[in-house]
Amino acid sequence: MTAAQRRARIIEMMSEKGYLNAAGLSEIFGVDSSTIRRDLSLLEKSGKIMRTHGGLLPVAASNGSDTPYNVRLQMNAAAKKTIARYAASLVQDGQTLILDNGSSVWELAVALKDKKNLTVVTNDVYTAIALGNHAGITVHVAGGLMLNQVYTLVGQETVDKINSMHVDWAFLGAEGVHFENGLTNINTVEIPVKQAMIRAAEKTVVLADSSKIGYRALAHVCSLEEIDTIITEEAPTIKQRAKYGARLVVV
């Protein structure tokens with residue numbers, strides 16, 4: 001396979017899957033990582049892809065300020081399911097929860113299917129639909145403005161709804177989790193909602209696959225001191241893990 005054929009195949013694969021993990025491409029094509037980096041650099045310069053932390057997206061997915069939901073559901077899907085199963089094991093029947101937006105938290109919503117007598121508040125339309133399929137869960141959907149493509153509810157109405165709640169657990173997503181900079185997010189309009197969720201909960205848990213650990217996104221949400229637990233999956237990419245302390249749980 002020539003270099004041009006390899007780059008064309010990368011574009012085809014990304015169109016099929018919506019997202020590719022950059023680290024695995026060298027194994028797929030049987031070339032070294034420096035060759036793949038050159039390929040991705042050329043594709044990015046030609047405007048055919050957008051490189052992200054740990055992967056690449058079609059350019060069409062980068063038009064907004066956040067990645068479309070259908071793309072996010074495919075990104076590191078196996079890791080997110082593992083994280084979600086562990087998070088679900090923390091929840092006891094009869095408890096109250098807030099579920100943030102995002103694909104990792106959506107996986108948690110699916111994993112809660114066998115719980116009984118839960119009350120869940122969410123600002124994520126997809127998550128509310130997933131929870132609605134579970135007989136043992138009462139769902140409250142926060143109001144507000146829905147962000148296109150990501151189906152997240154934001155704004156003062158959303159914050160007011162969450163401020164009126166007191167729950168056992170808040171499960172949050174994040175674009176980045178850094179030992180010095182705390183939780184960060186690419187979309188600033190979501191930040192007041194996330195901060196309200198933290199205030200409303202007895203315990204706050206962040207669900208973040210390993211590509212998010214050590215990464216800093218655009219805007220600060222909170223310090224790590226405001227978070228009780230961060231759940232991620234085992235991966236060699238997690239660096240300086242000791243600096244996160246006992247709050248970092250690797251599953």
Side-chain angles (χ1 to χ4, degrees), residues 79-144 151-175 177 182-185 190-209 212-213 220-233 244-251:
K80 291 173 182 178
K81 286 181 171 61
T82 299
I83 292 165
R85 285 194 294 269
Y86 182 88
S89 73
L90 302 176
V91 178
Q92 302 299 311
D93 291 345
Q95 291 191 313
T96 53
L97 291 69
I98 290 176
L99 298 189
D100 190 14
N101 71 302
S103 53
S104 294
V105 182
W106 181 86
E107 291 287 1
L108 171 58
V110 174
L112 291 171
K113 62 182 180 359
D114 295 324
K115 300 294 181 180
K116 295 178 176 61
N117 196 30
L118 295 185
T119 300
V120 182
V121 184
T122 185
N123 70 321
D124 186 294
V125 175
Y126 269 17
T127 291
I129 292 169
L131 291 167
N133 293 320
H134 305 337
I137 299 178
T138 300
V139 184
H140 294 259
V141 181
Y151 301 95
T152 299
L153 300 169
V154 297
Q156 190 59 48
E157 185 179 351
T158 316
V159 172
D160 289 345
K161 174 72 172 180
I162 294 167
N163 280 341
S164 71
M165 301 286 178
H166 179 261
V167 299
D168 296 304
W169 298 95
F171 291 94
L172 271 61
E175 295 290 338
V177 182
L183 261 64
T184 54
N185 208 64
E190 296 174 5
I191 291 174
V193 179
K194 291 178 184 290
Q195 291 171 339
M197 291 175 173
I198 294 167
R199 292 192 299 269
E202 287 291 324
K203 292 186 178 180
T204 299
V205 179
V206 173
L207 311 184
D209 69 75
K212 310 290 181 63
I213 307 299
H220 179 76
V221 177
C222 69
S223 67
L224 290 191
E225 284 68 29
E226 297 176 72
I227 302 301
D228 295 285
T229 305
I230 303 157
I231 307 173
T232 193
E233 90 284 6
Y244 295 89
R247 65 171 51 84
L248 181 65
V249 176
V250 181
V251 296

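Numbers here are sequence positions counted from 1.
- Look at Lys81 and Glu107 and you find a salt bridge, because one of the NZ, NE, NH1 or NH2 atoms lies within 4.0 Å of a carboxylate O, short of that distance.
- Side-chain atoms of Lys115 come within 3.5 Å of backbone atoms of Val91 as a donor-acceptor pair (strictly under, hydrogens ignored).
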Dump the intermediate steps for side-chain contact (heavy atoms from CB on, under 4.5 Å) on Val251 and Thr232, then the final yes or no.
CA-CA 6 Å; Val251 296; Thr232 193; over 6 Å; no
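- Taking 4.5 Å as the limit, some side-chain heavy atom of Leu118 sits within range of a side-chain heavy atom of Ile137.
- Using a distance-only test at 3.5 Å, with no hydrogens or angles considered, a donor-acceptor pair links the side chain of Arg247 to the main chain of Leu224.
- Under the 4.5 Å side-chain criterion, counting only non-hydrogen atoms from C-beta, Leu172 is in contact with Met197.
- Without hydrogens or angle criteria, Lys116 side chain to Ala135 main chain gives no donor-acceptor distance under 3.5 Å.
- Judged purely by distance below 3.5 Å, without hydrogens or angles, the side chains of Thr229 and Lys203 never pair a donor atom with an acceptor atom.
- With 3.5 Å as the limit, one finds no donor-acceptor pair spanning the side chains of Glu175 and Asn185.
- If you check the side chains of Trp169 and Gln95, you find a donor sitting under 3.5 Å from an acceptor.
- A donor-acceptor pair under 3.5 Å is absent between the side-chain atoms of Asp124 and the main chain of Asp100, judged by distance alone.
- The neighbour count for Tyr244 OH, taken as heavy atoms of other residues, nucleotides or ligands under 6.0 Å away, is above 12.
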Test side-chain contact (heavy atoms from CB on, under 4.5 Å) on Thr184 and Val221 and set out the steps.
CA-CA 5 Å; Thr184 54; Val221 177; 5.6 Å; no
Check the pair Thr152 / Asn123 against side-chain contact (heavy atoms from CB on, under 4.5 Å), numbers first and verdict last.
CA-CA 6 Å; Thr152 299; Asn123 70 321; 3.5 Å; yes
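- Of the possible donor and acceptor atoms, one in the side chain of Asp168 sits under 3.5 Å from a partner among the backbone N and O of Thr96.
- A 4.5 Å side-chain heavy-atom check between Gln156 and Val159 finds at least one atom pair inside the cut-off.
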